[in-house]
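What's counted below: heavy atoms across the whole structure, side chains too, no hydrogens, waters or symmetry copies. All residue numbers in this chain count up from 1 along the given sequence. Remember, it's a predicted structure, so these values are computed and weren't measured experimentally. Note that ligands are numbered from 1 as they come in the structure, with each ligand's atoms numbered from 1 the same way.
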Amino acid sequence: MRIVYDELYGDHLRGIPHPESPGRVEAVADFLRRSGKFENVIAPRDATTAEIERVHAPGYVELVRAEVAGMADFAGYLSTGDTVIDTHSFDVARRAAGGAVVAMETAMHESGSAFAILRPPGHHAEARRGMGFCVFNNAAIAARAAQAQFGARTLIVDFDYHHGNGTQAVSGDGLSYVSTHAFPAYPGTGGRDENYALPERDAIVNVPLPPHDFGTEPFVAVWERLLAATVARVRPDMLIVSAGFDYVKGDPAGDLGVDVEAATHLAALIRRLAQEYCGGRVAYVLEGGYDVDALARSVAAVIEAHDAPQTPETSGAQDSAIPASQRELLETIETLD
Ligand SMILES: [Zn+2]
(Lines give C-alpha, C1' and ligand atoms only; values in the text may rest on other atoms or scores of the structure.)
Protein backbone atom coordinates (compact mmCIF):
# COMPACT_ATOMS: atom_id res chain seq x y z
CA MET A 1 0.00 0.00 0.00
CA ARG A 2 1.30 3.44 -0.91
CA ILE A 3 1.36 6.16 1.75
CA VAL A 4 0.86 9.88 1.11
CA TYR A 5 2.20 12.11 3.89
CA ASP A 6 3.70 15.55 4.43
CA GLU A 7 5.25 17.07 7.56
CA LEU A 8 3.24 20.21 6.77
CA TYR A 9 0.17 18.31 8.07
CA GLY A 10 1.50 18.96 11.57
CA ASP A 11 1.46 22.73 11.17
CA HIS A 12 -2.32 23.32 11.59
CA LEU A 13 -3.24 24.12 15.24
CA ARG A 14 0.26 23.38 16.57
CA GLY A 15 0.53 24.44 20.21
CA ILE A 16 -3.22 24.95 20.51
CA PRO A 17 -5.15 22.69 22.91
CA HIS A 18 -7.50 20.86 20.54
CA PRO A 19 -8.39 17.17 20.05
CA GLU A 20 -7.62 17.42 16.31
CA SER A 21 -3.91 17.87 17.07
CA PRO A 22 -0.66 17.59 15.06
CA GLY A 23 0.21 14.64 17.31
CA ARG A 24 -2.43 12.54 15.51
CA VAL A 25 -0.69 12.24 12.15
CA GLU A 26 2.76 12.44 13.74
CA ALA A 27 1.95 9.45 15.97
CA VAL A 28 0.75 7.49 12.94
CA ALA A 29 3.93 8.32 10.98
CA ASP A 30 6.15 7.41 13.97
CA PHE A 31 4.34 4.12 14.56
CA LEU A 32 4.61 3.15 10.89
CA ARG A 33 8.29 4.14 10.82
CA ARG A 34 9.04 1.99 13.87
CA SER A 35 7.20 -0.99 12.39
CA GLY A 36 8.94 -0.71 9.02
CA LYS A 37 5.76 0.28 7.16
CA PHE A 38 6.67 3.88 6.35
CA GLU A 39 7.98 3.06 2.90
CA ASN A 40 7.06 4.17 -0.59
CA VAL A 41 5.91 7.47 0.91
CA ILE A 42 4.64 9.87 -1.73
CA ALA A 43 4.73 13.65 -1.25
CA PRO A 44 1.40 15.38 -1.83
CA ARG A 45 0.93 18.68 -3.65
CA ASP A 46 -1.43 21.58 -3.03
CA ALA A 47 -4.91 21.09 -4.47
CA THR A 48 -5.65 23.78 -7.04
CA THR A 49 -8.53 26.21 -6.52
CA ALA A 50 -10.23 24.60 -9.53
CA GLU A 51 -10.00 21.16 -7.88
CA ILE A 52 -11.41 22.46 -4.59
CA GLU A 53 -14.18 24.36 -6.39
CA ARG A 54 -15.53 21.16 -7.97
CA VAL A 55 -16.92 20.58 -4.46
CA HIS A 56 -16.94 23.98 -2.74
CA ALA A 57 -18.91 27.06 -3.78
CA PRO A 58 -17.17 29.85 -5.67
CA GLY A 59 -15.73 32.24 -3.12
CA TYR A 60 -15.35 29.74 -0.25
CA VAL A 61 -11.65 29.06 -0.98
CA GLU A 62 -11.02 32.80 -1.04
CA LEU A 63 -13.00 33.25 2.18
CA VAL A 64 -10.80 30.70 3.98
CA ARG A 65 -7.63 32.22 2.52
CA ALA A 66 -8.64 35.76 3.51
CA GLU A 67 -9.75 34.84 7.04
CA VAL A 68 -6.56 32.87 7.70
CA ALA A 69 -4.43 35.70 6.26
CA GLY A 70 -6.22 38.18 8.49
CA MET A 71 -5.56 36.28 11.70
CA ALA A 72 -3.22 37.37 14.41
CA ASP A 73 -0.82 34.82 15.82
CA PHE A 74 -3.36 32.71 17.68
CA ALA A 75 -6.34 30.50 16.89
CA GLY A 76 -9.91 31.57 16.21
CA TYR A 77 -13.04 30.33 14.47
CA LEU A 78 -13.70 30.28 10.74
CA SER A 79 -16.69 32.58 10.20
CA THR A 80 -18.81 29.70 8.83
CA GLY A 81 -19.22 28.09 12.25
CA ASP A 82 -17.42 25.83 14.69
CA THR A 83 -14.10 25.20 12.87
CA VAL A 84 -10.96 26.32 14.69
CA ILE A 85 -8.22 27.75 12.46
CA ASP A 86 -4.85 29.40 12.93
CA THR A 87 -2.39 31.21 10.68
CA HIS A 88 -1.27 27.95 8.97
CA SER A 89 -4.69 26.44 8.34
CA PHE A 90 -5.16 27.51 4.73
CA ASP A 91 -1.81 26.09 3.57
CA VAL A 92 -2.32 22.84 5.46
CA ALA A 93 -5.96 22.34 4.39
CA ARG A 94 -5.09 23.00 0.74
CA ARG A 95 -2.30 20.41 0.92
CA ALA A 96 -4.63 17.96 2.71
CA ALA A 97 -7.07 18.20 -0.21
CA GLY A 98 -4.10 17.72 -2.56
CA GLY A 99 -3.00 14.68 -0.56
CA ALA A 100 -6.38 13.06 -1.10
CA VAL A 101 -6.13 13.79 -4.83
CA VAL A 102 -2.61 12.31 -5.00
CA ALA A 103 -3.78 9.15 -3.17
CA MET A 104 -6.63 8.84 -5.70
CA GLU A 105 -4.24 9.35 -8.66
CA THR A 106 -1.83 6.75 -7.25
CA ALA A 107 -4.63 4.20 -6.80
CA MET A 108 -5.80 4.91 -10.34
CA HIS A 109 -2.39 4.71 -12.01
CA GLU A 110 -1.28 1.61 -10.12
CA SER A 111 -4.66 -0.16 -9.87
CA GLY A 112 -3.83 -0.50 -6.20
CA SER A 113 -4.32 1.04 -2.78
CA ALA A 114 -3.04 4.23 -1.18
CA PHE A 115 -3.54 5.89 2.21
CA ALA A 116 -3.35 9.69 2.65
CA ILE A 117 -2.41 10.31 6.29
CA LEU A 118 -3.55 13.91 6.45
CA ARG A 119 -5.26 16.59 8.50
CA PRO A 120 -7.42 18.57 8.90
CA PRO A 121 -10.12 15.97 8.14
CA GLY A 122 -12.85 16.79 5.63
CA HIS A 123 -16.16 14.94 5.77
CA HIS A 124 -18.16 17.61 7.66
CA ALA A 125 -17.15 20.40 5.25
CA GLU A 126 -20.06 21.43 3.02
CA ALA A 127 -19.97 23.42 -0.22
CA ARG A 128 -20.20 26.79 1.52
CA ARG A 129 -18.90 26.11 5.00
CA GLY A 130 -16.23 24.47 7.07
CA MET A 131 -17.70 22.51 9.94
CA GLY A 132 -16.47 20.43 12.87
CA PHE A 133 -12.72 20.01 12.50
CA CYS A 134 -13.01 20.20 8.68
CA VAL A 135 -12.05 23.00 6.27
CA PHE A 136 -12.14 21.39 2.78
CA ASN A 137 -13.87 18.09 1.97
CA ASN A 138 -10.77 16.08 1.03
CA ALA A 139 -12.54 12.83 0.07
CA ALA A 140 -15.15 14.55 -2.11
CA ILE A 141 -12.46 16.67 -3.80
CA ALA A 142 -10.56 13.46 -4.63
CA ALA A 143 -13.77 11.85 -5.92
CA ARG A 144 -14.52 14.77 -8.24
CA ALA A 145 -10.89 14.76 -9.43
CA ALA A 146 -11.26 11.04 -10.26
CA GLN A 147 -14.31 11.90 -12.29
CA ALA A 148 -12.67 14.85 -14.08
CA GLN A 149 -9.35 13.14 -14.83
CA PHE A 150 -10.39 9.52 -15.34
CA GLY A 151 -14.15 9.60 -15.94
CA ALA A 152 -14.45 7.45 -12.82
CA ARG A 153 -17.60 6.96 -10.75
CA THR A 154 -16.69 6.72 -7.10
CA LEU A 155 -18.18 5.41 -3.88
CA ILE A 156 -17.08 7.13 -0.67
CA VAL A 157 -17.06 4.62 2.19
CA ASP A 158 -17.27 6.42 5.55
CA PHE A 159 -16.81 4.38 8.74
CA ASP A 160 -15.94 7.37 10.97
CA TYR A 161 -17.93 7.60 14.25
CA HIS A 162 -19.62 10.75 12.90
CA HIS A 163 -21.86 11.21 9.87
CA GLY A 164 -20.21 12.88 6.88
CA ASN A 165 -22.91 15.49 6.35
CA GLY A 166 -20.65 17.46 4.01
CA THR A 167 -19.94 14.49 1.76
CA GLN A 168 -23.58 13.45 1.67
CA ALA A 169 -24.58 17.01 0.73
CA VAL A 170 -22.33 17.03 -2.36
CA SER A 171 -23.08 13.44 -3.47
CA GLY A 172 -24.84 12.47 -6.70
CA ASP A 173 -23.79 12.78 -10.35
CA GLY A 174 -21.25 9.96 -10.19
CA LEU A 175 -20.41 10.24 -6.49
CA SER A 176 -22.15 7.83 -4.11
CA TYR A 177 -21.89 7.74 -0.33
CA VAL A 178 -22.25 4.98 2.27
CA SER A 179 -21.85 5.56 6.02
CA THR A 180 -22.29 4.07 9.45
CA HIS A 181 -22.23 6.58 12.29
CA ALA A 182 -23.47 7.18 15.79
CA PHE A 183 -26.99 8.59 15.95
CA PRO A 184 -28.04 10.76 17.61
CA ALA A 185 -24.64 12.45 17.76
CA TYR A 186 -22.77 15.31 16.09
CA PRO A 187 -23.65 16.59 13.45
CA GLY A 188 -27.23 15.28 13.80
CA THR A 189 -27.67 14.16 10.16
CA GLY A 190 -27.65 10.66 8.63
CA GLY A 191 -30.89 9.29 10.04
CA ARG A 192 -32.45 6.14 8.62
CA ASP A 193 -34.84 8.23 6.51
CA GLU A 194 -31.85 9.71 4.61
CA ASN A 195 -31.36 6.79 2.20
CA TYR A 196 -31.79 7.56 -1.46
CA ALA A 197 -31.44 5.67 -4.71
CA LEU A 198 -30.18 8.32 -7.12
CA PRO A 199 -30.19 8.24 -10.95
CA GLU A 200 -27.51 6.30 -12.86
CA ARG A 201 -27.03 3.71 -10.06
CA ASP A 202 -25.78 6.34 -7.59
CA ALA A 203 -26.93 6.10 -3.97
CA ILE A 204 -26.75 7.70 -0.54
CA VAL A 205 -26.84 5.02 2.14
CA ASN A 206 -26.84 5.59 5.91
CA VAL A 207 -26.94 3.07 8.72
CA PRO A 208 -27.21 4.96 12.03
CA LEU A 209 -25.90 3.07 15.06
CA PRO A 210 -26.51 3.57 18.79
CA PRO A 211 -23.90 6.11 20.04
CA HIS A 212 -22.14 3.77 22.51
CA ASP A 213 -21.36 0.09 23.16
CA PHE A 214 -22.28 -1.18 19.70
CA GLY A 215 -19.45 -3.73 19.74
CA THR A 216 -16.87 -5.15 17.35
CA GLU A 217 -18.71 -8.14 15.85
CA PRO A 218 -21.95 -6.26 15.08
CA PHE A 219 -19.93 -3.36 13.57
CA VAL A 220 -17.97 -5.65 11.26
CA ALA A 221 -21.07 -7.70 10.40
CA VAL A 222 -23.03 -4.56 9.47
CA TRP A 223 -20.23 -3.41 7.17
CA GLU A 224 -19.89 -6.80 5.50
CA ARG A 225 -23.54 -6.73 4.45
CA LEU A 226 -23.76 -2.98 3.87
CA LEU A 227 -20.71 -2.58 1.67
CA ALA A 228 -21.45 -5.69 -0.42
CA ALA A 229 -24.98 -4.43 -1.12
CA THR A 230 -23.90 -0.86 -1.88
CA VAL A 231 -21.00 -1.78 -4.16
CA ALA A 232 -23.24 -4.24 -6.05
CA ARG A 233 -25.75 -1.48 -6.70
CA VAL A 234 -23.37 1.40 -7.47
CA ARG A 235 -20.69 -0.61 -9.31
CA PRO A 236 -18.12 2.19 -8.82
CA ASP A 237 -14.82 2.46 -10.71
CA MET A 238 -13.01 3.16 -7.44
CA LEU A 239 -13.53 3.33 -3.69
CA ILE A 240 -12.50 6.34 -1.63
CA VAL A 241 -12.54 5.59 2.10
CA SER A 242 -13.28 8.32 4.64
CA ALA A 243 -11.20 6.50 7.21
CA GLY A 244 -12.09 7.76 10.67
CA PHE A 245 -11.07 5.63 13.64
CA ASP A 246 -12.96 7.46 16.39
CA TYR A 247 -15.32 4.43 16.54
CA VAL A 248 -12.61 2.64 18.58
CA LYS A 249 -13.33 1.89 22.24
CA GLY A 250 -12.09 4.68 24.50
CA ASP A 251 -11.90 7.39 21.83
CA PRO A 252 -12.48 10.75 23.59
CA ALA A 253 -14.67 12.13 20.75
CA GLY A 254 -16.43 8.94 19.66
CA ASP A 255 -16.31 5.34 20.96
CA LEU A 256 -18.70 2.73 19.59
CA GLY A 257 -17.12 0.11 21.86
CA VAL A 258 -15.27 -1.39 18.88
CA ASP A 259 -11.78 -2.96 19.12
CA VAL A 260 -8.77 -1.85 17.05
CA GLU A 261 -8.87 -5.24 15.21
CA ALA A 262 -12.03 -4.14 13.42
CA ALA A 263 -9.77 -2.15 11.07
CA THR A 264 -8.22 -5.41 9.84
CA HIS A 265 -11.65 -6.79 8.92
CA LEU A 266 -12.88 -3.54 7.35
CA ALA A 267 -9.73 -3.25 5.23
CA ALA A 268 -9.93 -6.90 4.15
CA LEU A 269 -13.54 -6.36 3.10
CA ILE A 270 -12.67 -3.17 1.22
CA ARG A 271 -9.76 -4.90 -0.49
CA ARG A 272 -11.94 -7.85 -1.61
CA LEU A 273 -14.71 -5.65 -2.99
CA ALA A 274 -12.26 -3.22 -4.64
CA GLN A 275 -10.69 -6.21 -6.40
CA GLU A 276 -14.05 -7.63 -7.42
CA TYR A 277 -15.61 -4.40 -8.72
CA CYS A 278 -12.98 -1.67 -9.08
CA GLY A 279 -9.80 -3.28 -10.44
CA GLY A 280 -8.32 -3.02 -6.94
CA ARG A 281 -8.47 0.79 -6.90
CA VAL A 282 -8.96 2.21 -3.39
CA ALA A 283 -7.76 5.43 -1.77
CA TYR A 284 -8.03 5.95 1.99
CA VAL A 285 -8.26 9.49 3.36
CA LEU A 286 -7.85 10.01 7.11
CA GLU A 287 -10.81 11.54 8.94
CA GLY A 288 -11.25 11.29 12.76
CA GLY A 289 -9.58 9.27 15.51
CA TYR A 290 -8.52 11.10 18.67
CA ASP A 291 -6.91 8.36 20.75
CA VAL A 292 -3.56 8.64 18.96
CA ASP A 293 -2.36 5.17 19.97
CA ALA A 294 -5.55 3.47 18.72
CA LEU A 295 -5.38 5.64 15.59
CA ALA A 296 -1.81 4.59 14.80
CA ARG A 297 -2.57 0.90 15.37
CA SER A 298 -5.72 1.11 13.23
CA VAL A 299 -3.92 2.71 10.27
CA ALA A 300 -1.15 0.09 10.56
CA ALA A 301 -3.82 -2.67 10.55
CA VAL A 302 -5.31 -1.28 7.32
CA ILE A 303 -1.90 -1.19 5.64
CA GLU A 304 -1.14 -4.75 6.79
CA ALA A 305 -4.46 -6.06 5.46
CA HIS A 306 -3.80 -4.48 2.06
CA ASP A 307 -0.18 -5.67 1.94
CA ALA A 308 -0.92 -9.26 3.02
CA PRO A 309 0.21 -11.70 0.30
CA GLN A 310 -3.32 -13.01 -0.01
CA THR A 311 -6.60 -11.22 0.50
CA PRO A 312 -7.58 -12.06 4.08
CA GLU A 313 -10.56 -14.33 4.65
CA THR A 314 -13.91 -12.99 5.79
CA SER A 315 -13.97 -12.03 9.45
CA GLY A 316 -16.44 -14.70 10.52
CA ALA A 317 -18.64 -12.02 12.08
CA GLN A 318 -22.13 -13.46 12.36
CA ASP A 319 -25.15 -11.86 10.79
CA SER A 320 -27.03 -12.81 13.95
CA ALA A 321 -24.79 -10.38 15.89
CA ILE A 322 -26.52 -7.46 14.12
CA PRO A 323 -29.32 -5.95 16.24
CA ALA A 324 -32.82 -6.24 14.75
CA SER A 325 -33.12 -2.53 14.04
CA GLN A 326 -29.97 -2.40 11.87
CA ARG A 327 -30.78 -5.76 10.25
CA GLU A 328 -34.18 -4.47 9.19
CA LEU A 329 -32.58 -1.35 7.72
CA LEU A 330 -30.01 -3.44 5.83
CA GLU A 331 -32.87 -5.41 4.25
CA THR A 332 -34.41 -2.20 2.90
CA ILE A 333 -30.96 -1.06 1.63
CA GLU A 334 -30.44 -4.40 -0.13
CA THR A 335 -33.61 -3.77 -2.10
CA LEU A 336 -33.10 -0.02 -2.64
CA ASP A 337 -34.39 1.05 -6.04
ZN1 LIG B 1 -15.41 11.60 13.56
Give the table of side-chain donor-acceptor pairs shorter than 3.5 Å for residues 96-107, with sequence neighbours excluded, one pair per line with atom names and distance.
{"unit_1": "Glu105", "atom_1": "OE2", "unit_2": "Arg45", "atom_2": "NH2", "d": "3.3"}
{"unit_1": "Glu105", "atom_1": "OE2", "unit_2": "Gln149", "atom_2": "NE2", "d": "3.2"}
{"unit_1": "Thr106", "atom_1": "OG1", "unit_2": "Val102", "atom_2": "O", "d": "2.7"}

Without placing hydrogens or testing angles, list every side-chain donor-acceptor pair under 3.5 Å for residues 294-303, not counting sequence neighbours.
{"unit_1": "Arg297", "atom_1": "NE", "unit_2": "Asp293", "atom_2": "OD2", "d": "3.2"}
{"unit_1": "Arg297", "atom_1": "NH2", "unit_2": "Asp293", "atom_2": "OD2", "d": "3.4"}
{"unit_1": "Ser298", "atom_1": "OG", "unit_2": "Ala294", "atom_2": "O", "d": "2.7"}

Exercise. Of the backbone and side-chain N, O or S atoms of Asp160, does one lie nearer to the Zn ion (ligand 1) than 2.8 Å?
Worked result: yes
For this session: Assess His162: does it contribute an N, O or S atom lying under 2.8 Å from the Zn ion (ligand 1)?
Result: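 Yes, since at least one N, O or S atom of His162 sits under 2.8 Å from the Zn ion (ligand 1).
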Exercise. Got a donor-acceptor contact below 3.5 angstrom from the Asp160 side chain to the His162 backbone?
Worked result: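 Pair found, side chain donor or acceptor close to backbone of His162.
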For this session: Evaluate whether atom CZ of Arg14 has more than 12 neighbouring non-hydrogen atoms of other residues, nucleotides or ligands under 6.0 angstrom away.
Result: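 More than 12 heavy atoms, drawn from other residues, nucleotides or ligands, come within 6.0 Å of this atom.
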Exercise. Looking at Asp246, which of its N, O or S atoms is the nearest one to the Zn ion (ligand 1)?
Worked result: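 Asp246's closest N, O or S atom to the Zn ion (ligand 1) is named OD2.
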